[in-house]
Trainee: 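Input: one structure, supplied below.
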Amino acid sequence: MNIFVGSLSFSVKDDELKAVFEQYGEVSSARVLTDKFTGRSKGFGFVEMPDDAAAQKAVDALNGTEIGGRAVVVNQARERSEEPRRNGGYQKRDNGFKRY
DNA sequence: ATTGAGCGA
């Protein structure tokens, strides 16, 4: 299952996130969303775990715990839409506000 | 040096 991890410390890296979740089961991929240009962390990330049972346990166990010195928010991720790939996946914003 | 709700080029 896909797991969303929010409120991450800006110092947390992919490997660190993966290491934490691996304590509860197999992790197929873990990534912290970093800004493409500044390289700075966006403060949240996603973890993919093949075993749903283990994933659910990880969510319960890790939600509210500290990673890199900050209490993180862990829950099931939304479904990433496959559709909007018209611009290489990047949606331009025509105003100052983010729109989805 | 800088930030802190939110869901991913």
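Throughout, protein chains are lettered first and strands after them, A, B, ... in sequence-line order, and every chain is numbered starting at 1.
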Trainee: So which atom in Ala71(A) and which in Gly64(A) form the shortest heavy-atom distance, rounded to 0.1 Å?
Mentor: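 Closest pair (atom of Ala71(A), atom of Gly64(A), distance): CB-O, 3.9 Å.
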Trainee: Rounded to the nearest angstrom, tell me the gap between atom CD1 in Ile3(A) and atom C1' in dG6(B).
Mentor: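 Between C1' of dG6(B) and CD1 of Ile3(A): 17 Å.
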Trainee: Just call it for Gln76(A): base, sugar-phosphate, or nothing, with non-hydrogen atoms closer than 4.0 Å on any strand.
Mentor: base
Trainee: Tell me the interatomic distance from Leu33(A), atom CG, to dG4(B), atom P, rounded to whole angstroms.
Mentor: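 For the pair Leu33(A) CG and dG4(B) P, the rounded distance is 18 Å.
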Trainee: What residues form a salt bridge (charged side-chain N to carboxylate O under 4.0 Å, His left out) with Glu16(A), not counting sequence neighbours?
Mentor: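 Expected list: Lys13(A).
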Trainee: Could you tell me which residues satisfy ring-ring contact (aromatic ring centres under 6.0 Å, His included) with Phe46(A), sequence neighbours excluded, listed by chain and number?
Mentor: Phe4(A)
Trainee: May I ask whether Phe4(A) stacks on the base of dG6(B), given the cut-offs of 5.5 Å between ring centres and 30° between planes?
Mentor: no
Trainee: Output all residues satisfying side chain to side chain donor-acceptor pair (under 3.5 Å) with Ser41(A), sequence neighbours left out; order by chain, then residue number.
Mentor: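 Side chain to side chain donor-acceptor pair (under 3.5 Å) check on Ser41(A) returns nothing, list empty.
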Trainee: Please work out which residues in residues 34-44 of chain A have a non-hydrogen atom less than 4.0 Å from an atom of DNA chain B and list them by number.
Mentor: Phe37(A), Arg40(A), Lys42(A), Gly43(A)
Trainee: Show every side-chain hydrogen bond (donor to acceptor under 3.5 Å, both in side chains) that has at least one partner inside residues 48-64 of chain A, sequence neighbours left out.
Mentor: Asn2(A)-Glu48(A)
Trainee: Glu79(A) has an atom CD; how far is it from atom C1' of dG6(B), in whole Å?
Mentor: 18 Å
Trainee: What residues form a salt bridge (charged side-chain N to carboxylate O under 4.0 Å, His left out) with Lys42(A), not counting sequence neighbours?
Mentor: Asp35(A)
Trainee: As a test of reading the structure: which of dC7(B), dG8(B), dG4(B) is closest to the side chain of Asn75(A), going by heavy atoms?
Mentor: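 Closest of the options to the side chain of Asn75(A): dC7(B).
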Trainee: Go through the structure and list residues passing side-chain contact (heavy atoms from CB on, under 4.5 Å) with Glu22(A), not counting sequence neighbours.
Mentor: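 Partners of Glu22(A) under the side-chain contact (heavy atoms from CB on, under 4.5 Å) test: Lys18(A), Val27(A).
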Trainee: How do Asn2(A) and Ser9(A) order along DNA chain B: which one's closest nucleotide is nearer the 5' end?
Mentor: Ser9(A)
Trainee: Whole angstroms only, please: what is the CZ-P distance between Phe10(A) and dG6(B)?
Mentor: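 Rounded to the whole Å, the gap is 14 Å.
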Trainee: For Ile3(A) and Met49(A), what are the C-alpha separation, side-chain angles and deciding distance, and is it a side chain to side chain contact (heavy atoms under 4.5 Å, CB included)?
Mentor: CA-CA 8 Å; Ile3(A) 302 169; Met49(A) 295 182 73; 3.8 Å; yes
Trainee: Whole angstroms only, please: what is the CE-P distance between Met1(A) and dC7(B)?
Mentor: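 So the CE-P distance, Met1(A) to dC7(B), works out to 17 Å.
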Trainee: Mind running a 4.0 Å heavy-atom check of residues 11-29 of chain A against DNA chain B and sending the residues that fall below it, in number order?
Mentor: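 Hits under 4.0 Å, by residue number: none.
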Trainee: How many whole angstroms separate atom CD of Glu48(A) from atom C1' of dC7(B)?
Mentor: 14 Å
Trainee: Applying side chain to side chain donor-acceptor pair (under 3.5 Å), can you list everything that pairs with Thr65(A), at least two apart in sequence or on another chain?
Mentor: none
Trainee: So for Arg31(A) and dG8(B), does any side-chain atom that can act as donor or acceptor lie under 3.5 Å from a complementary atom in the base?
Mentor: yes
